[in-house]
2 protein chains.
Amino acid sequence: MDTLRRVVREMAGYVPGEQPPVGAFIKLNTNENPYPPSPQVLEALRKEIEKGLNLYPDPLATSLRQTAARVYGVDAENIIVGNGSDDLLTIISRACIDSGDPVAMPTPTYTLYDTLVVLQEGIHHYFPFPPDFSLPAGIKNLGAKLTFLANPNSPSGTAVPVTQVEELARALPGILVVDEAYVDFAEETALPLVARYPNLVVLRTLSKSFSLAGLRIGLGFAHADLIHGFLKVKDSYNVNRLSMVAGCAALEDLPWMLANRDRIVRTRERLCQGLKALGYGVHLSRSNFVLSYRGAERQERVYRSLKERGILVRYFDAPGLENSLRITVGSDPMTDRLLEEMGSIVGGERA
Amino acid sequence: MDTLRRVVREMAGYVPGEQPPVGAFIKLNTNENPYPPSPQVLEALRKEIEKGLNLYPDPLATSLRQTAARVYGVDAENIIVGNGSDDLLTIISRACIDSGDPVAMPTPTYTLYDTLVVLQEGIHHYFPFPPDFSLPAGIKNLGAKLTFLANPNSPSGTAVPVTQVEELARALPGILVVDEAYVDFAEETALPLVARYPNLVVLRTLSKSFSLAGLRIGLGFAHADLIHGFLKVKDSYNVNRLSMVAGCAALEDLPWMLANRDRIVRTRERLCQGLKALGYGVHLSRSNFVLSYRGAERQERVYRSLKERGILVRYFDAPGLENSLRITVGSDPMTDRLLEEMGSIVGGERA
């Protein structure tokens with residue numbers, strides 16, 4: 001008897017992102033925030049570790065849902081909390097995808113969506129982004145059970161207008177998941193649409209703009225009926241006590257997040273200018289990273305040279321992305337150092 | 001179009017365990033440890049919150065796997081870390097159960113197993129424990145793809161001998177998951193069998209004996225091939241930075257855990273004696289809780305009266321369990337208070 005499912009046996013081996021020890025590299029490869037979380041988060045954590053770690057967390061994450069409800073102007077019954085938004089993506093796929101169900105997504109995009117479809121034995125339908133990364137026209141006509149849209153998208157960093165997201169939600173017979181992991185670095189959000197479209201799920205994470213990648217806190221917003229179904233699927237105690245209080249404290253200190261967001265958006269402009277000066281093109285970024293290319297030149301060598309010099313960026317081997325580097329927007333000093341090293345690597349070459 | 005899967009729509013609504021605010025009740029309902037985790041855990045957490053929360057955790061939990069490997073005498077490649085052992089149960093079910101696969105479990109047992117089978121559209125086969133909670137004889141003959149055995153079992157608190165677990169592992173064509181959440185309160189473990197049976201998975205948790213229910217840390221032990229498959233299924237960043245360092249520190253301070261374990265085992269004896277004096281019978285507990293009954297008397301009234309008096313225990317409405325209370329072994333003062341209140345509730349009555 002085969003002990004593992006066929007789909008699992010045939011899945012590609014697990015390739016974790018590069019997560020070296022803290023401080024070993026200038027990390028510009030997984031879109032983390034270069035600034036620390038709010039001091040209020042650290043204070044809340046210091047207090048919480050003194051009490052109650054021997055007790056289970058609240059399975060419904062009531063305090064965090066109430067805080068998020070207040071901050072985002074919705075009801076707590078419209079919110080589910082995940083162990084990162086990856087956990088929410090897993091929950092949604094397990095709640096919605098039956099074997100053989102059609103699932104749509106533009107590509108290239110976040111590769112986890114595909115893994116989740118495979119595990120549920122859904123049928124993935126890929127809709128390649130056009131070169132300007134606008135919404136692929138055919139995606140609304142498939143009749144998909146579930147449609148994933150990362151907006152802003154990764155790895156492109158681009159965003160489609162919310163008016164188009166709304167048209168998509170209206171046109172789709174199934175659920176539309178709008179993954180807004182990077183939305184705090186963008187200009188607009190689909191969150192207000194949740195009140196009008198019962199098939200719309202908007203995901204947020206505190207990993208990027210709130211500087212809490214290390215703590216795994218995701219928020220899902222949807223109609224109460226959908227949330228009710230998702231709660232049946234999630235592990236009872238999926239969010240731990242420390243993440244819960246950290247999430248509340250982070251949401252309570254929006255000015256801290258917004259100040260970091262503003263700094264990152266300014267540095268993003270500096271990064272784009274610097275890349276252009278080196279002969280790179282950049283896609284219009286609405287996120288905290290930039291997808292850049294230098295004509296059709298393969299970028300693996302640049303990625304490797306940067307790594308040798310202590311800087312990690314993201315190089316994708318996937319078809320259509322061999323000529324691209326995805327570079328997280330770090331602090332100004334990190335960005336200056338990156339540009340300096342890239343200049344010395346490609347400086348003397350023709351683009 | 002139905003947005004949720006039929007199996008999810010038809011599942012019972014999510015009923016979380018009662019997790020009131022810290023200090024609101026004497027909590028003897030979810031088998032938490034009454035004692036705090038090691039001071040070394042708190043110290044490790046205090047240090048970790050000062051650094052790197054903006055960065056993702058190590059997706060392979062290398063430091064925690066290495067520490068657990070040393071403590072338990074296995075290789076790190078034989079270990080997977082979960083966001084609690086619930087996460088590991090979810091991962092295993094998604095990795096192993098295809099639609100229609102037979103899945104076996106003795107009953108009554110931990111109800112999450114059943115939920116996971118339903119979500120995977122497996123076919124559950126229940127093997128009722130005999131009155132003495134010994135291993136149901138027929139369970140080895142089903143030819144199940146996956147068999148769940150909580151040992152010690154919940155809610156009974158009883159354990160089957162490891163020699164019988166070994167016979168079961170040898171007889172089964174599929175995977176045997178031995179959930180040892182409570183094993184530190186028992187006399188023997190199936191962990192050494194992992195080296196001999198490639199179809200055996202042993203699960204541990206730091207929630208009970210290590211006093212870390214609030215942080216969600218589970219450990220899975222199995223043959224490297226199985227672990228490799230499970231790693232494909234798990235969310236990349238399922239264990240956060242703080243849980244990771246807390247887990248390492250807790251495992252490094254085994255004497256702290258063992259001292260608490262000894263105290264709890266002593267109090268368990270005191271609890272059993274006290275219950276017997278009140279006319280209760282108790283199943284032989286190898287865990288940190290006791291399943292007790294008073295003849296065929298329904299225990300819902302006792303549960304409710306205790307709750308009114310500020311004490312939470314676990315009452316199961318499920319068939320065959322209406323006459324039972326599952327009572328966590330707390331500290332001596334908590335146990336004395338429980339027995340006093342139970343005495344005043346049932347004291348004047350005939351058993």
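So you know, we letter chains A, B, ... as the sequences are listed, proteins then strands, and number each from 1.
- For Thr3(B), the parts sitting under 4.5 Å from any heavy atom of chain A are the backbone and the side chain alike.
- Pairing each heavy atom of Asn29(B) with each of Glu18(B), the nearest pair is ND2-O, 3.1 Å.
- Of all the listed residues (Asp86(A), Asp225(A), Ile49(A), Val22(A)), the one sharing the greatest number of non-hydrogen pairs under 4.5 Å with chain B is Ile49(A).
- Proximity to chain B (any heavy atom under 4.5 Å) is shown, for Pro21(A), by neither the backbone nor the side chain.
- Remark: side-chain polar atoms of Asn238(A) are paired, donor with acceptor, to backbone N or O of Val81(A) under 3.5 angstrom.
- Heavy atoms closer than 4.5 Å to chain A are found nowhere in Lys51(B), neither backbone nor side chain.
- A heavy-atom distance below 4.5 Å is found between the side chains of Ile80(B) and Lys234(B).
- Chain B forms the most heavy-atom pairs under 4.5 Å with one residue out of Met244(A), Arg241(A), Arg46(A), Arg94(A), and that residue is Arg94(A).
- For the set Pro57(A), Ala95(A), Gly229(A), the count of heavy-atom pairs under 4.5 angstrom toward chain B peaks at Ala95(A).
- Contact tally against chain B (heavy-atom pairs below 4.5 Å) for Thr90(A), Asp58(A), Val7(A): the top residue is Thr90(A).
- Neither the backbone nor the side chain of Asp101(A) comes within contact range of chain B, judged by heavy atoms closer than 4.5 Å.
- Note on Glu10(A) versus Lys232(B): no salt bridge recorded, every NZ/NE/NH1/NH2 to OD/OE distance being 4.0 Å or above.
- Proximity to chain B is limited to the side chain of Leu119(A), based on heavy atoms less than 4.5 angstrom apart.
- Asp2(A) has a carboxylate O that lies under 4.0 Å from a charged side-chain N of Arg9(A), or vice versa, which qualifies the two as a salt bridge.
- Looking at Ile97(A), only its backbone comes within 4.5 Å of chain B, counting heavy atoms on both sides.
- Qualifying side-chain hydrogen bond (donor to acceptor under 3.5 Å, both in side chains) partners for Arg5(B), counting only residues two or more places apart in sequence or in other chains: Asp98(A), Glu121(B).
- Results of the side-chain contact (heavy atoms from CB on, under 4.5 Å) test with Tyr113(A) over Asp179(A), Val118(A), Val103(A) single out Asp179(A) as the only residue that passes.
- Inter-residue side-chain proximity for Ile175(A) and Phe148(A) is flagged as unmet; no heavy-atom pair is nearer than 4.5 Å.
- There is no contact between Glu48(B) and chain A, counting heavy-atom distances below 4.5 Å.
- In terms of heavy-atom pairs under 4.5 angstrom with chain A, the leader among Asn33(B), Leu45(B), Asn83(B) is Asn83(B).
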All N/O donor-acceptor pairs, side-chain side in residues 35-42 of chain A, below 3.5 Å, sequence neighbours left out:
unit_1, atom_1, unit_2, atom_2, d
Ser38(A), OG, Gln40(A), N, 2.9
Ser38(A), OG, Asp253(A), OD2, 2.6

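- Neither the backbone nor the side chain of Pro198(B) has a heavy atom closer than 4.5 Å to any heavy atom of chain A.
- When each of Gly52(A), Pro20(A), Ser207(A) is scored by its heavy-atom pairs under 4.5 Å with chain B, the top score falls to Ser207(A).
- At a 4.5 Å heavy-atom cutoff, Ser63(B) makes no contact with chain A through either its backbone or its side chain.
- Note on Glu32(A) versus Lys27(A): salt bridge recorded, some NZ/NE/NH1/NH2 to OD/OE distance being below 4.0 Å.
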